[in-house]
Protein chains: 4
Amino acid sequence: MKEEMMGAVVKTHPAAGAEWKQVPVPRVGPEDILIEVKAASICGTDLHIYEWDEWASKRIRTPQVMGHETAGDVVEVGQDVSSLKPGDYVSVETHITCGTCYPCRVGRAEVCSSTKIVGVDTDGSFTRYLKLPARCAWKNDRSLPPEIATLQEPLGNAVDTVLAEDVSGKTLVVLGAGPVGLLAMGVAKASGAATIFATDVSEYRLGLAKLMGATFTFNPLRDKVVEAILDITRGDGVDVVIEMSGNPEALSQGFKVLAPGGRLSLLGLSHGPVRIDLNNEVILKGARIYGITGRKIFTTWYKSSRLLTSGLLDLKPLLTHRLPMDQFAAAMDLMRKGECGKIALLPAA
Amino acid sequence: MKEEMMGAVVKTHPAAGAEWKQVPVPRVGPEDILIEVKAASICGTDLHIYEWDEWASKRIRTPQVMGHETAGDVVEVGQDVSSLKPGDYVSVETHITCGTCYPCRVGRAEVCSSTKIVGVDTDGSFTRYLKLPARCAWKNDRSLPPEIATLQEPLGNAVDTVLAEDVSGKTLVVLGAGPVGLLAMGVAKASGAATIFATDVSEYRLGLAKLMGATFTFNPLRDKVVEAILDITRGDGVDVVIEMSGNPEALSQGFKVLAPGGRLSLLGLSHGPVRIDLNNEVILKGARIYGITGRKIFTTWYKSSRLLTSGLLDLKPLLTHRLPMDQFAAAMDLMRKGECGKIALLPAA
Amino acid sequence: MKEEMMGAVVKTHPAAGAEWKQVPVPRVGPEDILIEVKAASICGTDLHIYEWDEWASKRIRTPQVMGHETAGDVVEVGQDVSSLKPGDYVSVETHITCGTCYPCRVGRAEVCSSTKIVGVDTDGSFTRYLKLPARCAWKNDRSLPPEIATLQEPLGNAVDTVLAEDVSGKTLVVLGAGPVGLLAMGVAKASGAATIFATDVSEYRLGLAKLMGATFTFNPLRDKVVEAILDITRGDGVDVVIEMSGNPEALSQGFKVLAPGGRLSLLGLSHGPVRIDLNNEVILKGARIYGITGRKIFTTWYKSSRLLTSGLLDLKPLLTHRLPMDQFAAAMDLMRKGECGKIALLPAA
Amino acid sequence: MKEEMMGAVVKTHPAAGAEWKQVPVPRVGPEDILIEVKAASICGTDLHIYEWDEWASKRIRTPQVMGHETAGDVVEVGQDVSSLKPGDYVSVETHITCGTCYPCRVGRAEVCSSTKIVGVDTDGSFTRYLKLPARCAWKNDRSLPPEIATLQEPLGNAVDTVLAEDVSGKTLVVLGAGPVGLLAMGVAKASGAATIFATDVSEYRLGLAKLMGATFTFNPLRDKVVEAILDITRGDGVDVVIEMSGNPEALSQGFKVLAPGGRLSLLGLSHGPVRIDLNNEVILKGARIYGITGRKIFTTWYKSSRLLTSGLLDLKPLLTHRLPMDQFAAAMDLMRKGECGKIALLPAA
C-alpha cells in the first residue's frame, strides 16, 4: 500500500450533510488490521448521522469518517496479529467491546457497557481503508461477493431477533419491512417459519417483503391488520412477533395478534417511551419479550454466513442499489425516501 | 356427609360487601370431588371482589360463594374418578382449563383461552364444602398443616415468577412486598439467590420481607432505591427483577437497576397501560421480560410442595392471621389496610 | 356406517406373519371416535411385529389388528365427544397416555410411564375402521392427501429429534437414512440447517437422502466418514448429530465428528447396550445428548403439520410405494429388503 | 519483590513423586500478572501427576512446578495490564484458552480446542509466586479467606454440573462423594434441591456428605441404592443425576433411578469406555445428558463467588486439612487414602 491520503465520506461539522474529502490513510497499531474496503452498505444509523438527528448530535464527534457495514481485503496486519494475514477477505463486526465489564465477562458482549461502534465512535468505512482491531474481523468465504458480505452485519441483527427462539413450524409476523425487517423475513423463511406475515406502510417495501419470503403482506393504512391475521390463524394468533418498525401502533398490533404463550422480539427503536397494556398483552398472556441489540460475537456470524453460503438465504432481492462511494449524497436521498432496499457503496473510481 | 346446607361467604349482590349465609351443599358430577375445607386463605383478588372494583363488576356474576385458595379433605368422589378417594388431603389448582384451545394443546394451559377460576367464575371455598373437577386437585403430604397447604396456590405464582430462569448465585430485586412478593423472596432465598433486594412503601411489609429472606429492604418514600441498589452492586445492577407491585414507578426503578442482559418477570397487575422506555430499558440492554400468570399444571406444584416439605421454605412468618370463616369482614379490613401477611380462614365453629 | 365386519391385517398367533381376515367393526365408547382409514403407512415397528422379533414376542398379545400410522375420516363419535364430529379428517397420535403419572403431570406425556400404543397394545389401523380416544386425534387440513397426512406420526419423531434445539445456520449429520432419518433430513433442510451430512450403507437410501435435502452423503462401507466430514468442516466438526441408525459404529462416528459444545439427539434403537467413551466424547467435549421418543402432544403436531401445509417440507420423494391393504405381505417384503422409502397401505377394494 | 529463587513442589522426572526444590521466580510478560500464593488446594489431577498415571505420563513435561487451585495477592503486573494492580486479591481460572478456535468464538471457551491448564501444561502454584495471564485472574472479595477462595476453581465445576439446569424444588442424586461431589451437594442444597441423595463407598466421605447437605446417603457396598431411592421417591425416581464418581456401576445406578424426562450431568472421568443401555436408559426415557468440563469463563465464577460470599454455601466442613506447602508428600498420602475432604497447602515458613 503506497497511498498516504484517501477519499472519504467525512462528517466535517456538527450539522446535517457530509463531505467527500481527502483524509490520511490510518496507521495500524500492534493488534489492528487495515482493510481495503470493497463494499460498504448503508445503515439507517448512517442516515441519522448524515441528517444529524438528536441522537447523532449527542453521540458523534466531528470530524469523523462515516460508515460501518463493510467487506474488504486485509492489506496490512499489526505486529501482534496472528489470526489474519494480508489477502484475507473479511467483514466487520462493528462493536468494539471492552472485554472487562460485567456483560462482557458473562458472555453477553453484545450489551457491553462500553462498546465503541465503528463509524459512530471511531472513523468508519465509507472510504478506501478501514483500520480495525483484528479481533473484530470475520473471515469470509470467497463465494460471497463483497456487496453481499457487507450485509452480514445487519443480517446478524435480524438473525438474533428472529432466532432468539426456534421458529421452525411456527407462525410469525414481522412489523416493519425496512432493510432489517426484510432480512428478518428471509431468515425466518430459511429457518422454517411456516407462515410469515409482514406489515409496512410502504407498498414498495411490501413488494420486497414478498420477494424475501413473506406469505401475507398488510399495509395498516389500508388493511385491518389485527383482524386479518387473527382470521387467517383461526383466532389463535401468531407464535412469534418480530418488531422492526419502532412504531408504537405497529407494536400494539403485534401484541394483539401474539398468541398466549407467544414470543415477541424487539429490535426497532422508537422515538420515545411507549405505552403498553402489560396486564392483557404480557402478563395474562404469559408472553416472553426479548430486547435485541448487536450480534452475539461470533455465534451469530457463523449462523449468518452459513445461511448465505448454503444458498438457503438469498439477499440479492434486497440489494436494490450499487453506487460509487462518492455518490453518497444520492444514496442518502434514496434512503430518506424509502425507495430502496439496501444500498452498497463501492470504491470510487 | 349428612348436611344439606352450609354457611358460606356469599357475594349476594353486584355491590361492595358479602354476606354469611346458608347455601346448599354442592352435588358432585361424575368427574368431580367434594372437598371439606380445612383452610382457605385470602387472595388480593378476593378483596377486589369484596370491594367490587371495576374488574369484579365486569367478571363476577352474583350470587356466588367467594374464595379459591384452599386445602381440605376429600369427602366424596364422582363415579368416574379413580385418581382420588375419600380421605385424601388436597389443595386446589384454581384454574379449570379447557384442554382444547391452542395454549392447552401446546403445554401452556396456564394461559388457556377459556380458563374458569374457582371462586371467580364458579362457587368458591369460603364455606364448608367445595366441589372441584378431580383433575384440579393436588394431593398433599400430611406434614403440611392446612393453613400452609392452602398457600401453595399463590406460592405457585411466586415460584413461576422467580424460577422463570435459574436464580442460583444471582442478584435479584423483588418490587412489592405484598403476599406474593413475600412468597417470591422466600422462593428466591431457598433457590440460591445471593442478594435479594426488596422494595415496598409499607414498613410493616418490609419487616416481613426481612423475615422472608430479603438481604436489603428499601422504602421508595424514603430511600433512593436505584442509587442504593447500583451502589451495592458496584454499578452492575441486578441479574433479575421480580415485579409484584403493579406500580409503574416501581417498574421503572426495576428497569433502571436491571443489568444489561438481565431478566425481568412481571406478575403484578397495574391499573392501566404503562409507559416504558423500550429503547434504553429493553432493546439496548438486551433484556428478557416474562409475563407470568397462573401456575404450570402440575410442574409448579411439584416444586412448590417440595420446597415446603423439605423445609427449605418456611411460610410461617408470612401467615400472620388465622380467623374463623364467618369473620371474613374483619379479615377483609386487615387486607385493605395492608396490616397483614396472609390470612387463613378456618372452618367456622 | 352399516357393516358389522371388516377385513384387517391380523396378527393371529404368536409367530411370524399375519393374516387378512374379517373382524368385527369396533364399538366406540363415550370418549372415543371411529375413523374410516384412508391411508395407513408402515413403520419399522410393524415389521418387527410381523417378523415376531424378541421385543414383539414380549409385548404383543394376539390376536390383534396391526398398524398405527393413520389418516382418515371421522365417521362416528362417542356421546361425550365435543371436539370432533363426523366428517372431520384426522391423523392419529398413537400414544394413549395415562394423564396421571409423574411425566404426564409435568408436561412430558411423551415419556408417560403407562403409555399404550395403537397397534401395539390395542387393535390398530391396517383395516377399515379404527377406534381411538378422541383426545388422540389430530385434525388435518384437507390440503394434505391421506398418504401424506398419515406420515405425520413418524414425522413428529423426526421433528422432535432434529428440533430438540434450533438448527438454523448449523451443520448437522443424520446417521441412518431409513424412513425416519430421511424425514429428519427434510425437517433439518426446511429448518435452516446449512450443511446436512447423511450416512447409510444402502445406496438406494442415500439416493433418497439427496432428494430429502442431504448436502453430502457417505456410505461407511466405502467412505471414510469421519475424515470426510472433518475435512469439509475444516476440522470444526458438526454442531448437531442426529442418530437414526441404532448402529453402534455409526454412533461412534457421530461422536467423533461432533464439535466441542455440540448436541447429539438419539432416536434409533440399538440391539443392546453400547460402549461409549464418555470421557473424550461427552465430558471433555461438553456435549449435550437428548434421548427422543414419541412426540410432544400436540406441540410437535402443530410444527409438523405446518411444515407440510406451508410447502416447506415435501414428503413425496419419500413416499415410494402405495399398495392396497390386503397386499401387506408384499409391503413387508419391500420393508425387509430396504428397497423402499415409506409405504402407504390404502383401503382394499 | 526482591527474591530471585523460591521453593516449589517440582515434578523433576517422568516418574512417580515430586521434589521440594528452589526454582527461579518467574518473569512476567506484558499481559501477565505475578501472584504471591496464599493458599493452593490439591486436586485429584495433582495426585494423578504425582503418582504418574498413564494420562500424566502422556501429558506432563518435566521439570514443571505442580499445582493449579490457587488464591493469592497480585504483586506485579505486566506493562499492558490495566484490569488489575498490585495488592488485588485473586483466584485463578486455570484454563488458558486460545480465543480463536470454534468453541472459543461461539462462547464455549470451556471446551477450547487448545486449552492450556496451569500446573498441567505450564508451571503451577505449589510455590511462592505464580505467573498468570491477567485475563485468567478472578478478583476476590476480601471476606473470603485464601483457603476458601482457592476452592472456587473446583467449585466452579460443581456449579456447572449441578446448575446445567435449575434444581430448585427438584430431587437429585450425587454419585460419588469425593471433593467435587461434596461441592456439588453444597451447591444443590444452596440452590433449592429438595431432596439430595448421595452415594459413595467410603463411610468417611458419606459423613462429609451429610455435612454438605445430603438428605440421604447410601453406600453401594451395603445398601440397595436403586431400590432405596425408588422407594423414597415413590417410584418416580429423581429429576437430576450428578455423576462425580467415574464408576460405571454408579452411573448404571444413576440411570436406573433417573425419572423419565430427567437430566443427568457427567463430570467424573472413568477408566475407559462405558456400556450404556441407550434404549431403555436414554431414548425411551427421554433423558438429557450433559458432559461438563471446566467452568464458563466467567459466568460460573460470578455464581460461585456469590454463593460463598452470601453465606448460602459454607465450604468449611469440606476443608479438612491445612498443611505447609513443603509437606506436600504427606498431603498426597492423605489424598491417596481418601481420608480427607479438600487439603489446602499454605506458604511454607
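To find a chain, count down the sequence lines: A is the first, B the second, and so on, and within it residues start at 1.
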What residues, two or more places apart in sequence or in another chain, satisfy salt bridge (charged side-chain N to carboxylate O under 4.0 Å, His left out) together with D/Asp80?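 Once residues adjacent in sequence are excluded, D/Asp80 has no partner under the salt bridge (charged side-chain N to carboxylate O under 4.0 Å, His left out) criterion.
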If we ignore angles and hydrogens, is there a donor and acceptor under 3.5 Å between the side chains of D/Asp141 and D/Ser143?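 There is such a pair (donor and acceptor under 3.5 Å, judged by atom type) between the side chains of D/Asp141 and D/Ser143.
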Report the residues that fulfil side chain to side chain donor-acceptor pair (under 3.5 Å) with A/Glu147, sequence neighbours left out, ordered by chain and then residue number.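 Result, side chain to side chain donor-acceptor pair (under 3.5 Å) vs A/Glu147: A/Arg322.
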Is any side-chain heavy atom of D/Leu34 less than 4.5 Å from a side-chain heavy atom of D/Pro26?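 Yes, their side chains come closer than 4.5 Å.
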pair A/Glu165-A/Asp239: side-chain heavy atoms closer than 4.5 Å: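 Side chain of A/Glu165 against side chain of A/Asp239, heavy atoms only: no contact under 4.5 Å found.
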How long is the span from the CZ atom in A/Arg105 to the CZ atom in D/Arg135, to the nearest 0.5 Å?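 Here the rounded value is 11.5 Å.
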Whether the side chain of A/Thr150 engages the backbone of A/Ile148 through a donor-acceptor N/O pair (distance < 3.5 Å, no angle test) should be reported.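 Side chain of A/Thr150 to backbone of A/Ile148: no pair is present.
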Where do D/Ile33 and D/Ala137 come nearest, in terms of heavy atoms and distance?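 That closest heavy-atom pairing would be CD1-CB, 3.7 Å.
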Of all heavy-atom pairs between D/Val92 and D/Glu153, which one has the smallest distance, and what is that distance?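 Taking D/Val92 first and D/Glu153 second, the nearest heavy atoms are O-CG, 3.7 Å.
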Within residues 286-314 of chain D, residues adjacent to chain A where the heavy-atom gap is under 4.5 Å: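 Only D/Ile297, D/Phe298, D/Thr299, D/Tyr302, D/Arg306 of residues 286-314 of chain D have a heavy atom under 4.5 Å from chain A.
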Heavy-atom contacts under 4.5 Å, residues 106-125 of chain A to chain D: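 The list, in residue order, reads A/Val106, A/Gly107.
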